[in-house]
Each structure stands twice: as C-alpha cells, then as structure tokens.
Amino acid sequence: MAALRRITSVFRLLRSSACVLFSSRKAAVHKAGRWSTIVSTGCLSVGGGLCATPFRQVENLSHDSLIRRAASLVTDSSSTFLSQTTLALIDAITEYSKAVHTLIALQKRYLESLGKLTAAEESTIWQVIIGQRSEVSDRQDECKRFESTWVNAVKLCETAAEAAYTSGAEHASITVRTNLQVALSQVEEAQKLSMDTDKKLAESKVMEVERMAQYVASLQSNSDEEEVPEAYLRED
C-alpha cells in the first residue's frame, strides 16, 4: 500500500509539472505572436510609444527619380527668389512714385509763392526741396538695383523651368512658368506707374523752368518800368 501511495504521488507531481510547463509555453507563444503582429504592422514608434501607421516600403530611387526631385527643388527655390525680388521691385517703384509726387507738390507750392516769401522762408523751402530731390534720386537708384536683380530671377526661373521639363518634372515646370507669368504681369503694371511718374516729373521740371523764366521777366519788366520815369524826368 505504501508503495502504491508513492507511485500515485509521483504521477500527480508529473502531471502538475506538465500543466505548468504547457501553460508557460502557451503564454510565451501568445506573447511572441502579439509582438510579431505589432512589428509587422509598424505599431512601434521611437521612444517606446505606439502609432497606428504601418511601415511603408522604401521607394527604389533611380537616377531619374533623384534628378526629378532635384529639379523640383530648383524650381521651388527659383520661384521663391522671383517672388521676393518682384515684391521688392514693386515696393521700390511705389516708394519712388510717392517721393516724386511729394517733390512735385513742394515745387508747385514754391512757384505759387514766388515774390511773396521772405529770404528766410525761401531758403527754408529750398532746403526741403533739395532734400526731397535727393530722396527721389535714392529711390530711383533703388528701383534700378531691384530691377536688375528681378531680371536675373526671371532668367533663373526660365532656366529652371526648362531643366525641370527636360528631366521629366513636368508639374514643377508648369508651376514655375505660371509663377513667372504672374510676376511679369505684376511688374508690368508697376512699370506703367513708374513711367507715368517719370512723365509727371519731367513735366514738373518744364513747368518750373517756364515759371522761373516768367518770374525773372516780370522782375526785369518792373525794374524797367521803375527806371523809365526817372529817365524821362531827367530829360525834362
């Protein structure tokens, strides 16, 4: 009986151990399967966090693909350069126009006040006019400088568009050409304003010369009229 009890105990121990071992293996297999599922679906992220985006297969980049990408980057940079120079040129033309209109207003006010100002007042107005003429000259130089840079930007965009087209980046080529057309249209309108401003400035100079000539002639006429009676009296 004692031997039978020992054999029974051994069987029970073996069965208990087998159950524990089977349970451990089952849990390990389940855990491994879960992690393989997570990794295959790309649910792990940097830093230990989880995300829902699966991993994408990296594109096989050929030389043609790399060239197209580089061409697109060039067109983007060229468009940015063009937009900045276009904005700078338009602002410069606008400021030039404002400076010219201010100068014309000052000159008109001075010409209307000829003969009515004291020497001190006339000197003060002339100092203001001289300063404004310097401002106009500076704005004009700024327009020329930005226009030169803008022309270079236009040429660069044209080259970039052609390079993008020949490399197969048709969309990038179309985009930069569209941006170029918009910039050309905007600058054309601004240049019309500049030409109109130049015309008004030239007309103002002509008017100033004519008005000054009339003023000098009137002074000489008044001087002659004052001298004639004296000569007439001396002859008497």
Side-chain angles (χ1 to χ4, degrees), residues 75 77-162 173-225:
T75 55
S77 299
S78 300
S79 295
T80 301
F81 182 38
L82 178 65
S83 64
Q84 292 298 325
T85 54
T86 300
L87 178 62
L89 177 57
I90 292 175
D91 285 347
I93 292 176
T94 302
E95 293 301 321
Y96 168 66
S97 179
K98 291 180 180 179
V100 169
H101 281 84
T102 300
L103 176 60
I104 291 175
L106 288 172
Q107 290 176 341
K108 183 178 180 181
R109 180 180 177 183
Y110 170 73
L111 293 175
E112 290 175 350
S113 302
L114 283 175
K116 304 176 184 178
L117 301 173
T118 64
E121 291 173 339
E122 186 173 351
S123 176
T124 300
I125 292 179
W126 262 111
Q127 290 299 321
V128 175
I129 291 176
I130 291 173
Q132 190 62 29
R133 284 178 177 174
S134 178
E135 175 73 11
V136 168
S137 179
D138 291 342
R139 294 297 182 182
Q140 196 170 34
D141 291 340
E142 187 178 52
C143 287
K144 293 178 181 179
R145 179 167 58 87
F146 281 129
E147 185 176 11
S148 177
T149 306
W150 178 79
V151 169
N152 291 332
V154 170
K155 294 179 180 178
L156 181 61
C157 284
E158 291 174 344
T159 303
E162 183 64 25
S173 178
I174 293 173
T175 299
V176 71
R177 289 186 186 278
T178 301
N179 295 337
L180 183 57
Q181 291 299 320
V182 172
L184 290 172
S185 177
Q186 292 176 340
V187 171
E188 183 179 1
E189 291 298 323
Q191 287 175 338
K192 290 180 181 179
L193 174 63
S194 178
M195 293 176 61
D196 183 64
T197 300
D198 292 339
K199 181 179 179 181
K200 290 181 178 180
L201 181 61
E203 291 174 350
S204 173
K205 290 180 179 180
V206 172
M207 183 179 65
E208 179 183 3
V209 172
E210 292 177 350
R211 182 69 182 87
M212 290 299 296
Q214 292 174 359
Y215 177 66
V216 171
S218 65
L219 290 178
Q220 291 177 349
S221 176
N222 292 335
S223 178
D224 292 340
E225 290 177 358

K.L.:
Below 4.0 angstrom, N of the basic side chain to O of the carboxylate: do K200 and D196 qualify?
P.N.:
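Judged by the 4.0 Å cut-off on N to carboxylate O distance, K200 and D196 do form a salt bridge.
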K.L.:
How close do L82 and T86 get, heavy atom to heavy atom, and via which atoms?
P.N.:
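So the two residues come closest at O-OG1, 2.7 Å.
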K.L.:
Just do the side chain to side chain contact (heavy atoms under 4.5 Å, CB included) check on Q140 and D198 with the steps written out, would you?
P.N.:
CA-CA 10 Å; Q140 196 170 34; D198 292 339; 4.3 Å; yes
K.L.:
At what distance, to the nearest 0.5 angstrom, does OG1 of T94 lie from CZ of R139?
P.N.:
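It comes to 10.5 Å.
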K.L.:
What pairs of donor and acceptor atoms, side-chain ones from residues 113-131 against any protein atom, are under 3.5 angstrom apart with sequence neighbours left out?
P.N.:
unit_1	atom_1	unit_2	atom_2	d
S113	OG	R109	O	2.9
T118	OG1	E121	N	3.2
E121	OE1	T118	N	3.2
E122	OE2	Y110	OH	2.9
T124	OG1	A120	O	3.0
W126	NE1	Y110	OH	2.9

K.L.:
Looking at K144, is its backbone amide N or carbonyl O close enough to the side chain of S148 to form a donor-acceptor pair, meaning the two atoms are under 3.5 Å apart?
P.N.:
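Checking the backbone N and O of K144 against the side chain of S148, no donor-acceptor pair under 3.5 Å is found.
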K.L.:
Can you find a heavy atom in the side chain of V176 that is under 4.5 Å from one in the side chain of L180?
P.N.:
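No - every pair of side-chain heavy atoms lies 4.5 Å or more apart.
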K.L.:
On a heavy-atom basis, which atom in E208 and which in L111 lie closest, and how many Å separate them?
P.N.:
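That closest heavy-atom pairing would be CA-CD1, 3.7 Å.
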K.L.:
For V182, is there any backbone N or O sitting under 3.5 Å from a side-chain donor or acceptor partner on S185?
P.N.:
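A pair under 3.5 Å: no.
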K.L.:
If you compare all heavy atoms of A92 against all heavy atoms of F146, which two are closest, and at what distance to 0.1 Å?
P.N.:
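Heavy atoms only, the tightest pair is CB-CD1, 3.8 Å.
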K.L.:
So for atom CE, which belongs to M195, do other residues, nucleotides or ligands contribute more than 12 heavy atoms lying within a distance under 6.0 Å?
P.N.:
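Count not over threshold, so no.
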K.L.:
Just verifying a value: how many Å separate L89 CG and Q84 CD, rounded to the nearest 0.5 Å?
P.N.:
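Rounded to the nearest 0.5 Å, the CG-CD separation comes to 13.0 Å.
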K.L.:
Do D141 and Y96 come close enough that some side-chain heavy atom pair is under 4.5 Å?
P.N.:
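The answer is no; the side chains never approach within 4.5 Å.
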K.L.:
Find the distance between CG (D91) and SG (C143) and round it off to the nearest 0.5 Å.
P.N.:
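Atom-to-atom, D91:CG and C143:SG are 10.0 Å apart.
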K.L.:
Taking all non-hydrogen atoms of both residues, which atom of Q132 and which atom of A99 are closest, and how far apart?
P.N.:
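Reported closest heavy-atom pair: NE2-O, 3.0 Å.
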K.L.:
Thinking salt bridges, do K155 and E158 make one under a 4.0 Å N-O criterion?
P.N.:
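Result for this pair is no, no salt bridge flagged.
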K.L.:
Side-chain contact, heavy-atom cut-off 4.5 Å: E203 with M207?
P.N.:
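No, too far: nothing below the 4.5 Å cut-off.
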K.L.:
Roughly how far, to the nearest 0.5 Å, is CG of L103 from OG of S134?
P.N.:
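So the gap between those two atoms works out to 11.0 Å.
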K.L.:
Working note: Q181 + T178, criterion side chain to side chain contact (heavy atoms under 4.5 Å, CB included); need CA distance, chi angles, decisive distance, verdict.
P.N.:
CA-CA 5 Å; Q181 291 299 320; T178 301; 5.8 Å; no
K.L.:
Kindly give the heavy-atom pair with the smallest separation between C157 and S79, and that separation in Å.
P.N.:
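Between these two residues, the closest heavy atoms are SG-N, 4.1 Å.
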K.L.:
Atom CZ of R211 and atom NZ of K108: how far apart are they, to the nearest 0.5 Å?
P.N.:
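Reported to 0.5 Å precision, the distance equals 12.5 Å.
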K.L.:
Are the side chains of E147 and Q191 in touch, meaning some heavy atoms are under 4.5 Å apart?
P.N.:
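E147 vs Q191: side chains touch.
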K.L.:
Atom CD of E189 and atom CG of L184: how far apart are they, to the nearest 0.5 Å?
P.N.:
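One gets 12.0 Å once the value is rounded to the nearest 0.5 Å.
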K.L.:
Under the salt bridge (Lys or Arg N to Asp or Glu O under 4.0 Å) rule, collect the residues that match up with K205, sequence neighbours excluded.
P.N.:
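For K205, no residue satisfies salt bridge (Lys or Arg N to Asp or Glu O under 4.0 Å) once neighbours in sequence are set aside.
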K.L.:
Please give me the minimum heavy-atom distance between I93 and A190, naming the atom from each residue.
P.N.:
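Looks like CG2-O, 3.3 Å.
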K.L.:
Are F81 and T149 close enough that some pair of their side-chain heavy atoms sits under 4.5 Å apart?
P.N.:
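Yes; the side chains approach each other to less than 4.5 Å.
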K.L.:
Would you please test Q107 and S204 for side-chain hydrogen bond (donor to acceptor under 3.5 Å, both in side chains) and show each step?
P.N.:
CA-CA 8 Å; Q107 290 176 341; S204 173; 2.6 Å; yes
